[in-house]
Amino acid sequence: MKLTEELERTWHSEIPISKAMGIHVIAFEDDVFDVRAALTPNINVHGTAFAGSLYAVAALTGWGMTWLQLKTRAIDASIVIASGNIDYSKPVAEDINARCWFDAVAHARALDALLRDGKCRFPLECSIAANGAEAARFRGDYAIRLNR
């Protein structure tokens, strides 16, 4: 089974709201992770994506990127979001498309700390697009602790 399939199955079984939101992995390649969630279960009274859903999709995208990075390095660890902030710049009236980037060079210290001390934090950013332009930017810190 591909890691992305395993991640999606993990989301849907261990974070049940992700399944109700219609969230799916689109791609994971070259440290770029793309996720999509259906608009319909995430719609607000204005016919656009509910702000809380945008936050949740972005937070899950960062969590998923962290999970994928740990799995590709064969690191068994637990992940929780320690903090998160989102800026909304325009409404999303289509399926929610989120993207997260991982910079292995920038995160090298965190990975070293994880292996040395058993814990670290990954700061990550995720972008949500609408009509080809950024509609929201999420910044989150993911706390990671080795499972021993």
Side-chain angles (χ1 to χ4, degrees), residues 1-108 110-111 114 119-147:
M1 173 187 342
K2 291 172 47 175
L3 272 181
T4 53
E5 293 169 354
E6 184 181 346
L7 170 60
E8 193 169 302
R9 196 170 9 221
T10 298
W11 273 343
H12 293 174
S13 67
E14 296 184 27
I15 309 169
I17 191 71
S18 66
K19 188 172 187 175
M21 294 174 71
I23 190 167
H24 295 283
V25 172
I26 300 304
F28 173 58
E29 193 174 312
D30 298 326
D31 291 335
V32 177
F33 181 47
D34 292 307
V35 169
R36 180 171 297 132
L39 176 62
T40 303
N42 297 293
I43 206 157
N44 64 21
V45 298
H46 306 288
T48 59
F50 175 62
S53 291
L54 294 174
Y55 183 96
V57 169
L60 282 166
T61 301
W63 189 96
M65 173 61 93
T66 303
W67 187 93
L68 288 163
Q69 293 301 326
L70 295 173
K71 290 291 185 181
T72 59
R73 291 167 173 78
I75 298 172
D76 181 26
S78 296
I79 310 159
V80 296
I81 187 164
S83 67
N85 180 43
I86 192 166
D87 294 313
Y88 305 98
S89 53
K90 65 188 260 184
V92 177
E94 59 195 54
D95 285 350
I96 302 166
N97 293 290
R99 173 172 277 183
C100 186
W101 302 266
F102 185 84
D103 184 341
V105 173
H107 287 90
L111 286 166
L114 177 62
K119 62 182 180 176
C120 74
R121 284 193 180 199
F122 279 177
L124 291 171
E125 289 193 11
C126 301
S127 178
I128 293 177
N131 292 321
E134 186 171 86
R137 168 120 352 214
F138 174 86
R139 291 164 195 85
D141 279 341
Y142 295 85
I144 305 162
R145 182 176 300 274
L146 289 178
N147 294 326

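Being a predicted model, the structure only gives us computed values, none of them experimental.
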Note to self: Going by salt bridge (Lys or Arg N to Asp or Glu O under 4.0 Å), name the residues that satisfy it together with Arg137, two or more places apart in sequence or in a different chain.
What the structure shows: Glu125, Glu134
Next item on the list: Heavy atoms only: give me the nearest Ser89-Ala136 pair and the separation to one decimal.
Entry: OG-N, 4.0 Å
Next item on the list: Output every pair passing salt bridge (charged side-chain N to carboxylate O under 4.0 Å, His left out) with a member in residues 10-21, not counting sequence neighbours, ordered by first then second residue.
Entry: none
Next item on the list: Can you see which heavy atom on Pro41 is nearest to which on Ala20, and at what distance?
Entry: CB-O, 3.4 Å
Notebook entry, point to check: Under the 3.5 angstrom rule, does the side chain of Trp63 hit a backbone N or O of Ile79 as a donor-acceptor pair?
Noted result: yes
Next item on the list: Report, as yes or no, whether the 6.0 Å neighbourhood of atom NZ on Lys90 holds more than 12 heavy atoms from other residues, nucleotides or ligands.
Entry: yes
Check: Can you name the residues that form a ring-ring contact (aromatic ring centres under 6.0 Å, His included) with His24, not counting sequence neighbours?
Finding: His12
Note to self: Do Ile96 and Met21 have side chains that approach each other closer than 4.5 Å (heavy atoms only, starting at C-beta)?
What the structure shows: no
Item checked: Residue that, paired with Phe102, satisfies ring pair (Phe, Tyr, Trp, His ring centres under 6.0 Å) out of Phe28, Tyr142, Trp67, Phe122 -> Phe122
Check: Taking only residues two or more places apart in sequence, or in another chain, which ones meet Ser18 in a side-chain hydrogen bond (donor to acceptor under 3.5 Å, both in side chains)?
Finding: none
Note to self: Show every salt bridge (charged side-chain N to carboxylate O under 4.0 Å, His left out) that has at least one partner inside residues 24-50, sequence neighbours left out.
What the structure shows: Asp34-Arg99
Checklist line | From OG1 (Thr72) to CG (Leu68), nearest 0.5 Å | finding: 7.5 Å
Next item on the list: Could you check His107 against Gln69 for side-chain contact (heavy atoms from CB on, under 4.5 Å), going step by step and ending with a plain yes or no?
Entry: CA-CA 10 Å; His107 287 90; Gln69 293 301 326; over 6 Å; no
Next item on the list: Could you walk me through whether Phe33 and Cys126 pass side-chain contact (heavy atoms from CB on, under 4.5 Å), step by step?
Entry: CA-CA 9 Å; Phe33 181 47; Cys126 301; over 6 Å; no
Next item on the list: Decide yes or no for Arg139 and Asp87: does some side-chain heavy atom of the first lie under 4.5 Å from some side-chain heavy atom of the second?
Entry: yes
Item checked: Approximate separation, where rounding is to 0.5 Å, of Ile23 CD1 and Ser53 OG -> 10.0 Å
Next item on the list: Identify the two heavy atoms, one from Leu114 and one from Cys120, that lie closest to each other, and give their separation to 0.1 Å.
Entry: CB-SG, 3.7 Å
Notebook entry, point to check: Measuring from Asp76:CG to Leu146:CG, what's the distance to the nearest 0.5 Å?
Noted result: 8.0 Å
Checklist line | Shortest non-hydrogen separation from Ala104 to Arg73 and the atoms involved | finding: CB-NH2, 3.9 Å
Notebook entry, point to check: Measuring from Ile75:CD1 to Asn147:CG, what's the distance to the nearest 0.5 Å?
Noted result: 11.5 Å
Check: Is there a donor-acceptor contact under 3.5 Å from the side chain of Asp95 to the main chain of Leu39?
Finding: yes
Notebook entry, point to check: So, for Thr48 and Ala93, which heavy atoms are closest and what is the spacing to 0.1 Å?
Noted result: CG2-CB, 4.1 Å
Notebook entry, point to check: Would a 4.5 Å heavy-atom cut-off, applied to side chains only, mark Val92 and Asn42 as touching?
Noted result: no
Check: Do other residues, nucleotides or ligands put more than 12 heavy atoms under 6.0 Å from the CZ atom of Arg9?
Finding: no
Notebook entry, point to check: Rounded to the nearest 0.5 Å, how far apart are CD1 of Ile144 and OG1 of Thr66?
Noted result: 5.5 Å
Next item on the list: With rounding to the nearest 0.5 Å, note down the distance linking OG1 in Thr4 to NZ in Lys71.
Entry: 13.5 Å
Next item on the list: Before giving the answer on side-chain contact (heavy atoms from CB on, under 4.5 Å), spell out for Val35 and Leu60 the whole-Å C-alpha distance, their side-chain angles and the decisive distance to 0.1 Å.
Entry: CA-CA 9 Å; Val35 169; Leu60 282 166; over 6 Å; no
Check: Which residue pairs pass the ring-ring contact (aromatic ring centres under 6.0 Å, His included) test with at least one member in residues 37-57, sequence neighbours excluded?
Finding: Tyr55-Phe138
